[in-house]
Amino acid sequence: TVRNYIKPLTEEAGSMSWALLRHKDGLKCDLFITHCWAEGAFEFIDKVLTSWPWRARTAWCCIFANPQNLNIRHMLKTPSTSPFAKALSDASHVMAVPTTKVSIYTRVWCAYEAYRAYKEDKIIFTASRSITQELGINLTVGFVFALVSFLVSFYGFPPSSDMFSEDNILSAHVYVYLDSIGAAPLQLCALLLVKHARWSAVINVLGVMVASWSFAMMIYYVKGAVEHDAASDDTLSELGTGEWPYGWLHLSAIFYFAMNEADRLQAMHKHAEAGQLQSSYEEISKCEYTVLDDYNTIMEDIGNKEAEVNRSIKVLISTGMSTPGLRKADACALDLADAANVRLATCWLCFSYWCALTYALQSFYDHRYPPERNLGYEVLIGLDWCIKALCLLTWLYRGLDEKAFLGMAAAKIVMPAIFVFLLFYLGCDLSTEGVWCPEEMPITWMTTSLIVDALVLACAVLGRRRIVGIPWVGMPMAHVLGPGCRLGLGGCWSRLTAALSRRQSGGGDEEEAIPSREQAQ
(Lines give C-alpha, C1' and ligand atoms only; values in the text may rest on other atoms or scores of the structure.)
Protein backbone atom coordinates (compact mmCIF):
# COMPACT_ATOMS: atom_id res chain seq x y z
CA THR A 1 0.00 0.00 0.00
CA VAL A 2 2.80 2.41 0.89
CA ARG A 3 4.94 1.52 -2.11
CA ASN A 4 2.14 1.31 -4.68
CA TYR A 5 -0.22 4.03 -3.49
CA ILE A 6 1.08 6.38 -0.79
CA LYS A 7 4.53 7.07 -2.23
CA PRO A 8 3.53 7.76 -5.87
CA LEU A 9 0.59 9.93 -4.83
CA THR A 10 2.52 12.07 -2.33
CA GLU A 11 5.59 12.37 -4.60
CA GLU A 12 3.46 14.07 -7.24
CA ALA A 13 2.28 16.54 -4.59
CA GLY A 14 5.80 17.54 -3.52
CA SER A 15 6.68 14.57 -1.25
CA MET A 16 4.54 15.76 1.64
CA SER A 17 2.77 13.26 3.89
CA TRP A 18 -0.55 11.78 2.82
CA ALA A 19 -2.23 13.36 5.88
CA LEU A 20 -0.94 16.82 5.01
CA LEU A 21 -2.01 16.32 1.41
CA ARG A 22 -5.59 15.67 2.56
CA HIS A 23 -5.67 18.25 5.38
CA LYS A 24 -3.34 21.16 4.75
CA ASP A 25 -4.02 22.77 8.14
CA GLY A 26 -3.67 19.52 10.05
CA LEU A 27 -6.09 17.92 12.51
CA LYS A 28 -6.17 17.42 16.23
CA CYS A 29 -5.08 13.89 17.15
CA ASP A 30 -7.59 11.87 19.21
CA LEU A 31 -6.16 8.41 18.61
CA PHE A 32 -2.59 7.21 18.20
CA ILE A 33 -2.15 3.97 16.24
CA THR A 34 0.91 1.85 16.98
CA HIS A 35 1.83 -1.02 14.64
CA CYS A 36 4.95 -2.68 13.28
CA TRP A 37 4.54 -2.61 9.47
CA ALA A 38 4.41 -6.43 9.30
CA GLU A 39 0.63 -6.74 8.92
CA GLY A 40 -1.29 -6.83 5.66
CA ALA A 41 -3.41 -3.87 4.58
CA PHE A 42 -6.73 -5.72 4.93
CA GLU A 43 -5.84 -7.06 8.39
CA PHE A 44 -4.80 -3.58 9.50
CA ILE A 45 -7.89 -1.80 8.14
CA ASP A 46 -10.30 -4.42 9.52
CA LYS A 47 -8.90 -4.21 13.05
CA VAL A 48 -8.64 -0.41 13.11
CA LEU A 49 -12.17 0.24 11.86
CA THR A 50 -13.69 -2.45 14.09
CA SER A 51 -11.97 -1.14 17.23
CA TRP A 52 -12.29 2.60 16.58
CA PRO A 53 -13.31 4.43 19.81
CA TRP A 54 -16.75 5.94 19.42
CA ARG A 55 -15.67 9.37 20.73
CA ALA A 56 -12.53 9.61 18.55
CA ARG A 57 -12.72 11.53 15.27
CA THR A 58 -9.13 11.60 14.01
CA ALA A 59 -6.11 9.32 14.29
CA TRP A 60 -2.35 9.55 13.81
CA CYS A 61 -0.68 6.68 11.95
CA CYS A 62 2.92 6.85 10.80
CA ILE A 63 2.07 5.40 7.38
CA PHE A 64 -0.03 8.45 6.55
CA ALA A 65 1.36 11.11 8.89
CA ASN A 66 5.07 10.85 8.01
CA PRO A 67 6.38 11.82 4.55
CA GLN A 68 7.27 8.45 3.02
CA ASN A 69 9.45 9.89 0.22
CA LEU A 70 11.75 11.87 2.54
CA ASN A 71 14.52 10.91 4.92
CA ILE A 72 13.29 11.86 8.42
CA ARG A 73 16.26 10.46 10.37
CA HIS A 74 17.06 13.90 11.76
CA MET A 75 13.57 14.03 13.29
CA LEU A 76 14.16 10.78 15.19
CA LYS A 77 17.51 11.53 16.83
CA THR A 78 15.75 12.61 20.02
CA PRO A 79 12.82 10.18 20.57
CA SER A 80 11.07 12.45 23.08
CA THR A 81 10.70 15.22 20.45
CA SER A 82 9.99 12.93 17.50
CA PRO A 83 6.69 13.11 15.57
CA PHE A 84 5.68 9.87 17.29
CA ALA A 85 6.07 11.33 20.78
CA LYS A 86 4.36 14.62 19.94
CA ALA A 87 1.35 12.95 18.33
CA LEU A 88 1.01 10.46 21.17
CA SER A 89 1.12 13.30 23.68
CA ASP A 90 -1.93 14.92 22.06
CA ALA A 91 -3.95 11.69 21.78
CA SER A 92 -6.17 10.40 24.57
CA HIS A 93 -6.13 6.77 23.38
CA VAL A 94 -3.45 4.49 21.95
CA MET A 95 -4.51 1.60 19.72
CA ALA A 96 -2.08 -1.32 19.48
CA VAL A 97 -2.68 -3.25 16.25
CA PRO A 98 -1.43 -6.85 16.62
CA THR A 99 -0.46 -8.98 13.65
CA THR A 100 -0.37 -12.70 13.00
CA LYS A 101 3.28 -12.52 11.95
CA VAL A 102 5.10 -11.09 14.99
CA SER A 103 4.50 -9.26 18.26
CA ILE A 104 4.62 -5.52 17.69
CA TYR A 105 6.45 -5.17 21.02
CA THR A 106 9.48 -6.99 19.68
CA ARG A 107 10.13 -3.74 17.75
CA VAL A 108 11.90 -1.03 19.71
CA TRP A 109 9.83 1.90 18.43
CA CYS A 110 6.55 0.18 19.36
CA ALA A 111 7.97 -0.51 22.82
CA TYR A 112 8.97 3.13 23.10
CA GLU A 113 5.44 4.20 22.19
CA ALA A 114 4.20 1.92 24.98
CA TYR A 115 6.58 3.70 27.34
CA ARG A 116 5.35 7.14 26.30
CA ALA A 117 1.74 6.02 26.69
CA TYR A 118 2.49 4.67 30.16
CA LYS A 119 4.42 7.78 31.19
CA GLU A 120 1.62 10.11 30.06
CA ASP A 121 -1.14 7.94 31.59
CA LYS A 122 -2.86 7.16 28.30
CA ILE A 123 -5.53 4.54 27.66
CA ILE A 124 -3.97 1.74 25.61
CA PHE A 125 -6.10 -0.96 24.01
CA THR A 126 -5.70 -3.82 21.56
CA ALA A 127 -7.36 -3.65 18.17
CA SER A 128 -9.53 -6.65 17.36
CA ARG A 129 -10.91 -7.95 14.09
CA SER A 130 -14.62 -7.94 13.32
CA ILE A 131 -16.94 -10.73 14.47
CA THR A 132 -19.86 -9.54 12.31
CA GLN A 133 -19.72 -12.30 9.72
CA GLU A 134 -19.32 -15.16 12.19
CA LEU A 135 -21.94 -13.73 14.52
CA GLY A 136 -24.42 -13.28 11.67
CA ILE A 137 -24.11 -16.93 10.66
CA ASN A 138 -24.37 -18.20 14.23
CA LEU A 139 -27.37 -16.01 15.08
CA THR A 140 -29.17 -17.18 11.93
CA VAL A 141 -28.67 -20.80 12.99
CA GLY A 142 -29.85 -19.94 16.51
CA PHE A 143 -32.95 -18.19 15.14
CA VAL A 144 -33.89 -21.29 13.15
CA PHE A 145 -33.55 -23.50 16.24
CA ALA A 146 -35.57 -21.00 18.31
CA LEU A 147 -38.36 -20.81 15.72
CA VAL A 148 -38.63 -24.59 15.42
CA SER A 149 -38.68 -24.95 19.21
CA PHE A 150 -41.41 -22.29 19.53
CA LEU A 151 -43.66 -23.87 16.89
CA VAL A 152 -43.25 -27.40 18.25
CA SER A 153 -44.04 -26.20 21.78
CA PHE A 154 -47.04 -24.07 20.80
CA TYR A 155 -48.74 -26.53 18.46
CA GLY A 156 -47.43 -29.87 19.67
CA PHE A 157 -47.46 -29.70 23.48
CA PRO A 158 -50.18 -27.36 24.74
CA PRO A 159 -50.87 -27.39 28.51
CA SER A 160 -53.74 -29.51 29.76
CA SER A 161 -57.07 -27.67 30.01
CA ASP A 162 -57.47 -29.04 33.55
CA MET A 163 -54.76 -26.62 34.65
CA PHE A 164 -57.17 -23.74 34.29
CA SER A 165 -59.79 -25.14 36.64
CA GLU A 166 -60.30 -23.61 40.07
CA ASP A 167 -59.05 -26.77 41.76
CA ASN A 168 -55.67 -26.42 40.07
CA ILE A 169 -55.22 -22.68 40.47
CA LEU A 170 -52.32 -23.21 42.89
CA SER A 171 -50.56 -25.50 40.41
CA ALA A 172 -51.12 -22.88 37.73
CA HIS A 173 -49.34 -20.29 39.86
CA VAL A 174 -46.36 -22.58 40.40
CA TYR A 175 -46.31 -23.50 36.73
CA VAL A 176 -46.13 -19.95 35.46
CA TYR A 177 -43.33 -19.00 37.85
CA LEU A 178 -41.26 -22.06 37.00
CA ASP A 179 -41.92 -21.57 33.30
CA SER A 180 -40.80 -17.92 33.46
CA ILE A 181 -37.37 -18.95 34.78
CA GLY A 182 -37.12 -22.13 32.70
CA ALA A 183 -33.91 -20.96 30.97
CA ALA A 184 -32.27 -19.87 34.24
CA PRO A 185 -30.32 -23.16 34.75
CA LEU A 186 -28.83 -22.83 31.27
CA GLN A 187 -27.99 -19.17 31.93
CA LEU A 188 -26.14 -20.32 35.04
CA CYS A 189 -24.30 -22.96 33.01
CA ALA A 190 -23.36 -20.30 30.45
CA LEU A 191 -21.84 -18.18 33.24
CA LEU A 192 -19.85 -21.14 34.61
CA LEU A 193 -18.64 -22.31 31.19
CA VAL A 194 -17.73 -18.87 29.89
CA LYS A 195 -14.08 -19.95 29.43
CA HIS A 196 -14.98 -23.05 27.40
CA ALA A 197 -15.78 -21.89 23.88
CA ARG A 198 -17.21 -25.14 22.50
CA TRP A 199 -19.41 -25.93 25.48
CA SER A 200 -20.54 -22.32 25.58
CA ALA A 201 -21.70 -22.58 21.96
CA VAL A 202 -23.74 -25.70 22.79
CA ILE A 203 -25.31 -23.97 25.82
CA ASN A 204 -26.26 -20.98 23.67
CA VAL A 205 -28.14 -23.18 21.19
CA LEU A 206 -29.91 -25.12 23.94
CA GLY A 207 -30.68 -21.85 25.73
CA VAL A 208 -32.53 -20.19 22.83
CA MET A 209 -34.48 -23.41 22.26
CA VAL A 210 -35.58 -23.70 25.90
CA ALA A 211 -36.41 -19.98 26.15
CA SER A 212 -38.47 -20.13 22.94
CA TRP A 213 -40.25 -23.28 24.14
CA SER A 214 -41.10 -21.64 27.48
CA PHE A 215 -42.28 -18.46 25.76
CA ALA A 216 -44.71 -20.49 23.64
CA MET A 217 -46.01 -22.23 26.78
CA MET A 218 -46.48 -18.84 28.46
CA ILE A 219 -48.56 -17.56 25.52
CA TYR A 220 -50.71 -20.66 25.55
CA TYR A 221 -51.11 -20.46 29.30
CA VAL A 222 -52.25 -16.81 29.31
CA LYS A 223 -54.59 -17.51 26.40
CA GLY A 224 -56.15 -20.45 28.24
CA ALA A 225 -56.50 -18.53 31.51
CA VAL A 226 -58.36 -15.69 29.82
CA GLU A 227 -60.64 -18.06 27.91
CA HIS A 228 -61.68 -19.74 31.16
CA ASP A 229 -62.61 -16.41 32.76
CA ALA A 230 -66.30 -16.85 31.91
CA ALA A 231 -66.43 -20.23 33.63
CA SER A 232 -64.83 -19.11 36.91
CA ASP A 233 -64.33 -16.14 39.16
CA ASP A 234 -61.94 -13.27 38.42
CA THR A 235 -58.92 -15.12 39.83
CA LEU A 236 -57.98 -16.83 36.63
CA SER A 237 -58.55 -13.72 34.55
CA GLU A 238 -56.29 -11.68 36.82
CA LEU A 239 -53.75 -14.45 36.76
CA GLY A 240 -53.74 -14.68 32.99
CA THR A 241 -53.55 -10.98 32.19
CA GLY A 242 -51.16 -10.34 35.07
CA GLU A 243 -48.63 -12.89 33.87
CA TRP A 244 -48.04 -11.26 30.46
CA PRO A 245 -45.04 -9.24 31.77
CA TYR A 246 -43.33 -12.51 32.72
CA GLY A 247 -42.95 -13.13 29.01
CA TRP A 248 -40.26 -10.45 29.25
CA LEU A 249 -38.07 -12.97 31.08
CA HIS A 250 -38.36 -15.39 28.14
CA LEU A 251 -37.45 -12.72 25.60
CA SER A 252 -34.68 -11.54 27.91
CA ALA A 253 -33.29 -15.08 28.00
CA ILE A 254 -33.28 -15.26 24.19
CA PHE A 255 -31.40 -11.95 24.00
CA TYR A 256 -29.03 -13.21 26.70
CA PHE A 257 -27.94 -16.27 24.73
CA ALA A 258 -27.55 -14.18 21.55
CA MET A 259 -25.31 -11.73 23.44
CA ASN A 260 -23.44 -14.63 25.02
CA GLU A 261 -22.60 -15.90 21.55
CA ALA A 262 -21.23 -12.46 20.64
CA ASP A 263 -19.21 -12.46 23.87
CA ARG A 264 -17.89 -15.94 23.08
CA LEU A 265 -16.66 -14.94 19.63
CA GLN A 266 -15.18 -11.68 20.96
CA ALA A 267 -13.34 -13.55 23.71
CA MET A 268 -11.91 -16.02 21.19
CA HIS A 269 -10.60 -13.16 19.04
CA LYS A 270 -9.14 -11.34 22.04
CA HIS A 271 -7.41 -14.51 23.18
CA ALA A 272 -5.89 -14.93 19.71
CA GLU A 273 -4.74 -11.30 19.61
CA ALA A 274 -3.24 -11.56 23.09
CA GLY A 275 -1.21 -14.48 21.78
CA GLN A 276 -0.09 -12.35 18.84
CA LEU A 277 1.12 -9.59 21.18
CA GLN A 278 2.84 -12.12 23.44
CA SER A 279 4.52 -14.03 20.61
CA SER A 280 8.32 -13.75 20.94
CA TYR A 281 8.00 -10.80 23.32
CA GLU A 282 10.08 -10.98 26.50
CA GLU A 283 11.00 -7.46 27.61
CA ILE A 284 11.89 -4.07 26.17
CA SER A 285 15.63 -4.54 26.47
CA LYS A 286 15.44 -7.48 24.02
CA CYS A 287 13.54 -5.63 21.30
CA GLU A 288 14.70 -5.71 17.70
CA TYR A 289 15.93 -2.56 15.97
CA THR A 290 17.00 -1.38 12.54
CA VAL A 291 19.33 1.39 13.68
CA LEU A 292 21.49 0.83 16.77
CA ASP A 293 21.48 4.53 17.63
CA ASP A 294 17.69 4.46 17.85
CA TYR A 295 17.84 1.59 20.32
CA ASN A 296 20.45 3.29 22.49
CA THR A 297 18.68 6.65 22.64
CA ILE A 298 15.32 5.00 23.35
CA MET A 299 16.71 2.86 26.18
CA GLU A 300 18.45 5.93 27.59
CA ASP A 301 15.16 7.85 27.48
CA ILE A 302 13.31 5.02 29.26
CA GLY A 303 15.97 4.84 31.95
CA ASN A 304 14.87 3.16 35.18
CA LYS A 305 11.24 2.88 34.05
CA GLU A 306 11.89 -0.31 32.09
CA ALA A 307 10.26 -2.65 34.64
CA GLU A 308 7.16 -0.46 34.86
CA VAL A 309 6.75 -0.36 31.08
CA ASN A 310 7.18 -4.13 30.89
CA ARG A 311 4.42 -4.47 33.46
CA SER A 312 2.16 -2.09 31.52
CA ILE A 313 2.64 -4.16 28.37
CA LYS A 314 1.88 -7.33 30.36
CA VAL A 315 -1.38 -5.75 31.56
CA LEU A 316 -2.27 -4.89 27.95
CA ILE A 317 -1.55 -8.44 26.81
CA SER A 318 -3.50 -10.11 29.61
CA THR A 319 -6.56 -7.83 29.55
CA GLY A 320 -6.58 -6.31 26.06
CA MET A 321 -6.38 -2.85 27.63
CA SER A 322 -4.06 -0.83 29.87
CA THR A 323 -5.64 2.13 31.65
CA PRO A 324 -4.57 4.17 34.68
CA GLY A 325 -7.12 2.24 36.75
CA LEU A 326 -5.94 -1.17 35.56
CA ARG A 327 -2.30 -0.26 36.11
CA LYS A 328 -3.13 0.84 39.64
CA ALA A 329 -5.08 -2.38 40.26
CA ASP A 330 -2.18 -4.43 38.90
CA ALA A 331 0.22 -2.60 41.21
CA CYS A 332 -2.01 -3.71 44.10
CA ALA A 333 -1.77 -7.36 42.97
CA LEU A 334 -5.45 -7.57 42.04
CA ASP A 335 -6.45 -10.30 39.60
CA LEU A 336 -6.94 -8.66 36.20
CA ALA A 337 -8.33 -11.69 34.37
CA ASP A 338 -11.10 -10.42 32.06
CA ALA A 339 -10.69 -7.00 33.68
CA ALA A 340 -11.45 -5.18 30.41
CA ASN A 341 -13.62 -7.87 28.83
CA VAL A 342 -17.17 -6.51 28.86
CA ARG A 343 -19.56 -9.45 29.03
CA LEU A 344 -22.66 -7.95 27.49
CA ALA A 345 -24.63 -11.10 28.27
CA THR A 346 -23.85 -10.86 31.98
CA CYS A 347 -24.72 -7.15 32.05
CA TRP A 348 -27.98 -7.82 30.23
CA LEU A 349 -28.89 -10.73 32.50
CA CYS A 350 -28.27 -8.68 35.61
CA PHE A 351 -30.14 -5.60 34.41
CA SER A 352 -33.17 -7.47 33.06
CA TYR A 353 -33.66 -9.47 36.27
CA TRP A 354 -32.99 -6.33 38.29
CA CYS A 355 -35.80 -4.51 36.50
CA ALA A 356 -38.03 -7.59 36.81
CA LEU A 357 -37.45 -7.49 40.58
CA THR A 358 -38.79 -3.95 40.85
CA TYR A 359 -41.77 -4.75 38.64
CA ALA A 360 -42.51 -7.88 40.70
CA LEU A 361 -42.42 -5.86 43.91
CA GLN A 362 -44.76 -3.25 42.48
CA SER A 363 -47.26 -5.75 41.02
CA PHE A 364 -47.14 -7.90 44.15
CA TYR A 365 -47.99 -4.92 46.34
CA ASP A 366 -50.79 -3.81 44.01
CA HIS A 367 -52.26 -7.32 43.90
CA ARG A 368 -52.13 -7.94 47.65
CA TYR A 369 -52.83 -4.50 49.07
CA PRO A 370 -54.59 -2.30 46.47
CA PRO A 371 -56.58 -0.22 48.98
CA GLU A 372 -53.57 0.55 51.14
CA ARG A 373 -51.32 2.00 48.50
CA ASN A 374 -49.87 5.30 49.63
CA LEU A 375 -47.71 8.13 48.35
CA GLY A 376 -44.68 6.92 50.31
CA TYR A 377 -44.61 3.63 48.47
CA GLU A 378 -45.01 5.33 45.10
CA VAL A 379 -42.03 7.54 45.96
CA LEU A 380 -39.95 4.45 46.78
CA ILE A 381 -40.88 2.81 43.48
CA GLY A 382 -40.03 6.00 41.55
CA LEU A 383 -36.72 6.32 43.36
CA ASP A 384 -35.93 2.70 42.58
CA TRP A 385 -36.46 3.20 38.84
CA CYS A 386 -34.47 6.46 38.86
CA ILE A 387 -31.48 4.74 40.46
CA LYS A 388 -31.60 2.01 37.83
CA ALA A 389 -31.69 4.59 35.04
CA LEU A 390 -28.76 6.46 36.58
CA CYS A 391 -26.72 3.25 36.88
CA LEU A 392 -27.44 2.42 33.23
CA LEU A 393 -26.38 5.88 32.04
CA THR A 394 -23.21 5.69 34.14
CA TRP A 395 -22.39 2.28 32.67
CA LEU A 396 -22.88 3.58 29.13
CA TYR A 397 -20.56 6.51 29.80
CA ARG A 398 -17.72 4.49 31.37
CA GLY A 399 -14.70 3.03 29.56
CA LEU A 400 -14.45 -0.66 28.76
CA ASP A 401 -12.51 -1.60 31.89
CA GLU A 402 -15.00 0.17 34.17
CA LYS A 403 -17.93 -1.31 32.24
CA ALA A 404 -16.52 -4.79 32.80
CA PHE A 405 -16.07 -4.10 36.52
CA LEU A 406 -19.49 -2.51 37.01
CA GLY A 407 -21.28 -5.25 35.08
CA MET A 408 -19.73 -8.02 37.16
CA ALA A 409 -20.06 -6.10 40.45
CA ALA A 410 -23.76 -5.47 39.78
CA ALA A 411 -24.30 -9.15 38.97
CA LYS A 412 -22.64 -10.24 42.21
CA ILE A 413 -24.74 -7.80 44.23
CA VAL A 414 -28.10 -8.12 42.48
CA MET A 415 -28.42 -11.81 41.59
CA PRO A 416 -28.23 -13.20 45.18
CA ALA A 417 -30.89 -10.69 46.26
CA ILE A 418 -33.14 -11.75 43.38
CA PHE A 419 -32.72 -15.44 44.25
CA VAL A 420 -33.74 -14.86 47.87
CA PHE A 421 -36.66 -12.67 46.79
CA LEU A 422 -37.98 -15.35 44.41
CA LEU A 423 -38.12 -17.84 47.28
CA PHE A 424 -40.14 -15.45 49.44
CA TYR A 425 -42.26 -14.38 46.48
CA LEU A 426 -43.25 -17.96 45.73
CA GLY A 427 -43.83 -18.59 49.46
CA CYS A 428 -46.12 -15.55 49.68
CA ASP A 429 -48.09 -16.68 46.66
CA LEU A 430 -48.57 -20.17 48.06
CA SER A 431 -49.32 -18.93 51.57
CA THR A 432 -52.93 -18.82 52.67
CA GLU A 433 -52.43 -17.91 56.31
CA GLY A 434 -50.14 -14.94 55.83
CA VAL A 435 -47.27 -16.73 57.59
CA TRP A 436 -44.91 -16.11 54.66
CA CYS A 437 -46.44 -12.77 53.81
CA PRO A 438 -46.82 -10.43 56.78
CA GLU A 439 -48.37 -7.01 56.32
CA GLU A 440 -45.05 -5.17 56.25
CA MET A 441 -43.41 -7.52 53.71
CA PRO A 442 -43.74 -5.27 50.60
CA ILE A 443 -42.23 -2.21 52.31
CA THR A 444 -39.46 -4.36 53.78
CA TRP A 445 -38.55 -5.76 50.39
CA MET A 446 -38.82 -2.36 48.74
CA THR A 447 -36.37 -0.97 51.29
CA THR A 448 -34.05 -3.93 50.72
CA SER A 449 -34.24 -3.32 46.96
CA LEU A 450 -33.23 0.31 47.48
CA ILE A 451 -30.23 -0.79 49.56
CA VAL A 452 -29.16 -3.08 46.70
CA ASP A 453 -29.68 -0.17 44.29
CA ALA A 454 -27.52 2.08 46.46
CA LEU A 455 -24.67 -0.47 46.49
CA VAL A 456 -24.74 -0.80 42.70
CA LEU A 457 -24.91 2.99 42.28
CA ALA A 458 -21.91 3.39 44.61
CA CYS A 459 -19.92 0.96 42.45
CA ALA A 460 -21.01 2.83 39.31
CA VAL A 461 -20.02 6.25 40.64
CA LEU A 462 -16.77 5.25 42.32
CA GLY A 463 -15.45 2.70 39.82
CA ARG A 464 -12.66 0.24 40.44
CA ARG A 465 -9.94 2.88 40.67
CA ARG A 466 -11.60 4.83 43.50
CA ILE A 467 -12.78 1.70 45.29
CA VAL A 468 -9.19 0.43 45.44
CA GLY A 469 -8.22 3.67 47.17
CA ILE A 470 -10.69 3.18 50.06
CA PRO A 471 -8.61 2.48 53.20
CA TRP A 472 -8.53 -1.14 54.39
CA VAL A 473 -11.68 -2.38 52.69
CA GLY A 474 -11.12 -1.00 49.18
CA MET A 475 -8.83 -3.68 47.83
CA PRO A 476 -10.84 -6.67 49.11
CA MET A 477 -14.01 -5.11 47.69
CA ALA A 478 -12.46 -4.40 44.29
CA HIS A 479 -11.03 -7.91 44.20
CA VAL A 480 -14.21 -9.75 45.17
CA LEU A 481 -16.52 -7.63 42.98
CA GLY A 482 -14.25 -7.61 39.93
CA PRO A 483 -14.40 -9.97 36.92
CA GLY A 484 -11.19 -11.77 37.90
CA CYS A 485 -12.52 -13.18 41.17
CA ARG A 486 -14.69 -16.25 40.81
CA LEU A 487 -15.40 -17.29 44.36
CA GLY A 488 -13.92 -20.67 45.15
CA LEU A 489 -12.04 -20.90 41.86
CA GLY A 490 -8.72 -19.81 40.41
CA GLY A 491 -6.89 -18.95 43.61
CA CYS A 492 -9.28 -16.12 44.52
CA TRP A 493 -8.46 -16.33 48.23
CA SER A 494 -4.69 -16.38 47.69
CA ARG A 495 -4.86 -13.31 45.43
CA LEU A 496 -7.03 -11.52 47.98
CA THR A 497 -4.56 -12.15 50.80
CA ALA A 498 -1.74 -11.00 48.49
CA ALA A 499 -3.59 -7.74 47.85
CA LEU A 500 -4.15 -7.21 51.58
CA SER A 501 -0.48 -7.90 52.31
CA ARG A 502 0.52 -5.35 49.70
CA ARG A 503 -1.82 -2.74 51.25
CA GLN A 504 -0.31 -3.33 54.70
CA SER A 505 3.19 -2.94 53.30
CA GLY A 506 2.24 0.42 51.74
CA GLY A 507 2.38 -0.90 48.17
CA GLY A 508 -0.75 0.95 47.17
CA ASP A 509 1.14 4.25 46.96
CA GLU A 510 1.28 5.17 43.30
CA GLU A 511 4.40 7.25 43.75
CA GLU A 512 6.49 4.21 44.61
CA ALA A 513 8.09 2.11 41.95
CA ILE A 514 5.87 -0.82 40.95
CA PRO A 515 7.41 -4.09 42.20
CA SER A 516 7.53 -7.31 40.27
CA ARG A 517 4.53 -9.62 40.27
CA GLU A 518 6.46 -12.11 42.43
CA GLN A 519 7.09 -9.42 45.06
CA ALA A 520 3.43 -8.41 45.04
CA GLN A 521 2.36 -11.97 45.72
Side-chain angles (χ1 to χ4, degrees), residues 1-2 5-6 9-10 13 16-37 39-68 72 75 81-99 104 109-110 112-132 262 266 269-270 273 312 316 319-327 340-342 344 392-404 406 463 465:
T1 302
V2 175
Y5 176 70
I6 301 295
L9 182 65
T10 56
M16 66 181 67
S17 69
W18 185 88
L20 191 59
L21 175 65
R22 296 296 301 271
H23 304 280
K24 300 186 183 303
D25 297 327
L27 295 171
K28 178 178 171 57
C29 179
D30 299 321
L31 174 67
F32 183 93
I33 299 175
T34 176
H35 67 116
C36 69
W37 289 71
E39 69 281 342
F42 292 107
E43 178 188 13
F44 178 82
I45 293 171
D46 181 34
K47 290 181 177 180
V48 169
L49 294 181
T50 300
S51 307
W52 190 277
W54 70 276
R55 278 179 284 189
R57 300 188 61 186
T58 58
W60 191 96
C61 181
C62 59
I63 294 176
F64 306 106
N66 288 334
Q68 299 299 328
I72 60 171
M75 303 172 64
T81 60
S82 65
F84 299 92
K86 291 182 177 180
L88 195 150
S89 180
D90 288 339
S92 59
H93 291 67
V94 176
M95 178 193 293
V97 183
T99 174
I104 65 173
W109 273 102
C110 292
Y112 179 71
E113 289 162 2
Y115 160 70
R116 299 294 306 186
Y118 165 80
K119 181 179 179 181
E120 299 181 27
D121 231 14
K122 303 294 184 180
I123 296 175
I124 317 170
F125 65 96
T126 305
S128 179
R129 65 188 180 92
S130 174
I131 63 170
T132 304
Q266 193 67 53
H269 287 193
K270 287 186 176 181
E273 279 134 14
S312 180
L316 175 65
T319 67
M321 176 173 275
S322 179
T323 66
L326 289 178
R327 291 190 284 269
N341 189 9
V342 181
L344 292 177
L392 177 60
L393 292 175
T394 304
W395 182 85
L396 292 172
Y397 178 78
R398 294 289 190 179
L400 288 179
D401 58 326
E402 291 295 344
K403 282 182 179 178
L406 177 56
R465 191 176 187 183

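Residues take their numbers from the sequence shown, with the count starting at 1.
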Verify side-chain contact (heavy atoms from CB on, under 4.5 Å) between Asp46 and Phe42, making sure each step is shown before the conclusion. CA-CA 6 Å; Asp46 181 34; Phe42 292 107; over 6 Å; no

Could you report the tightest heavy-atom contact between Pro98 and Glu43, atom names first, then the distance?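 Result for this residue pair: O-OE2, 3.7 Å.
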
What pair of heavy atoms forms the shortest contact from Glu402 to Gly463, and how long is it?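 Distance-wise, the nearest heavy atoms are OE1-CA, 3.3 Å.
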
Counterpart residues, side chain to side chain contact (heavy atoms under 4.5 Å, CB included), relative to [X] (two or more places apart):
| X | result |
| --- | --- |
| Thr132 | Ser130 |
| Ser17 | Ala19, Leu20, Pro67 |
| His93 | Leu31, Ile123, Phe125 |

Distance only, no hydrogens: is a donor on one side chain within 3.5 Å (strictly under) of an acceptor on the other, for Ser322 and Ser312?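 Yes, a side-chain donor-acceptor pair sits under 3.5 Å.
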
For Glu113 and Thr34, does a side-chain donor sit closer than 3.5 Å to a side-chain acceptor?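 Per modelled atom types, Glu113 and Thr34 side chains form a pair under 3.5 Å.
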
Run the side-chain contact (heavy atoms from CB on, under 4.5 Å) test on Ser89 and Arg116 for me, step by step, so that the C-alpha distance in whole Å, both residues' side-chain angles and the decisive distance to 0.1 Å come before the verdict. CA-CA 8 Å; Ser89 180; Arg116 299 294 306 186; 5.6 Å; no

Please report the interatomic distance [atom1]([X]) to [atom2]([Y]), rounded to the nearest 0.5 Å.
| X | Y | atom1 | atom2 | answer |
| --- | --- | --- | --- | --- |
| Thr323 | Arg465 | OG1 | CZ | 7.5 Å |
| Glu120 | Leu88 | CD | CG | 6.0 Å |
| Lys86 | Thr81 | NZ | OG1 | 6.0 Å |
| Leu396 | Leu392 | CG | CG | 4.5 Å |
| Met321 | Asp401 | CE | CG | 6.0 Å |
| Ser128 | Glu273 | OG | CD | 3.5 Å |

So, the side chain of [X] versus the backbone of [Y]: is there a donor-acceptor pair under 3.5 Å, distance only?
| X | Y | value |
| --- | --- | --- |
| Asp30 | Ala59 | no |
| Gln68 | Asn66 | yes |
| Gln266 | Val342 | no |
| Lys28 | Thr58 | no |
| Thr10 | Ile6 | yes |
| Lys270 | Gly320 | no |

In the structure I gave you, are the side-chain heavy atoms of [X] and [Y] within less than 4.5 Å of one another anywhere?
| X | Y | answer |
| --- | --- | --- |
| Cys61 | Phe44 | yes |
| Ser51 | Arg129 | no |
| Cys62 | His35 | yes |
| Ser92 | Lys122 | no |
| Met75 | Ser82 | no |
| Ile104 | Val97 | no |
| Cys36 | Thr99 | yes |

Before giving the answer on side-chain contact (heavy atoms from CB on, under 4.5 Å), spell out for Cys110 and Trp37 the whole-Å C-alpha distance, their side-chain angles and the decisive distance to 0.1 Å. CA-CA 10 Å; Cys110 292; Trp37 289 71; over 6 Å; no

Under the salt bridge (charged side-chain N to carboxylate O under 4.0 Å, His left out) rule, collect the residues that match up with Glu39, sequence neighbours excluded.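 Salt bridge (charged side-chain N to carboxylate O under 4.0 Å, His left out) list for Glu39, sorted by chain: empty.
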
More than 12 heavy atoms of other residues, nucleotides or ligands under 6.0 Å from CZ of Arg22: yes or no?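 No, CZ of Arg22 has 12 or fewer neighbouring heavy atoms, counting only those of other groups under 6.0 Å.
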
What residues, two or more places apart in sequence or in another chain, satisfy ring-ring contact (aromatic ring centres under 6.0 Å, His included) together with Phe32?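 Once residues adjacent in sequence are excluded, the partners of Phe32 under the ring-ring contact (aromatic ring centres under 6.0 Å, His included) criterion are Trp60.
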
Using the test ring-ring contact (aromatic ring centres under 6.0 Å, His included), find all partners of Tyr115 that sit at least two apart in sequence or belong to another chain.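 Per chain and number, Tyr115 pairs via ring-ring contact (aromatic ring centres under 6.0 Å, His included) with Tyr112.
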
Below 4.0 angstrom, N of the basic side chain to O of the carboxylate: do Arg327 and Asp121 qualify?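 Here Arg327 pairs with Asp121 in a salt bridge, since their nearest N and O are under 4.0 Å apart.
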
Please step through side-chain contact (heavy atoms from CB on, under 4.5 Å) for the pair Asn341 and Thr319, ending with a clear verdict. CA-CA 7 Å; Asn341 189 9; Thr319 67; over 6 Å; no

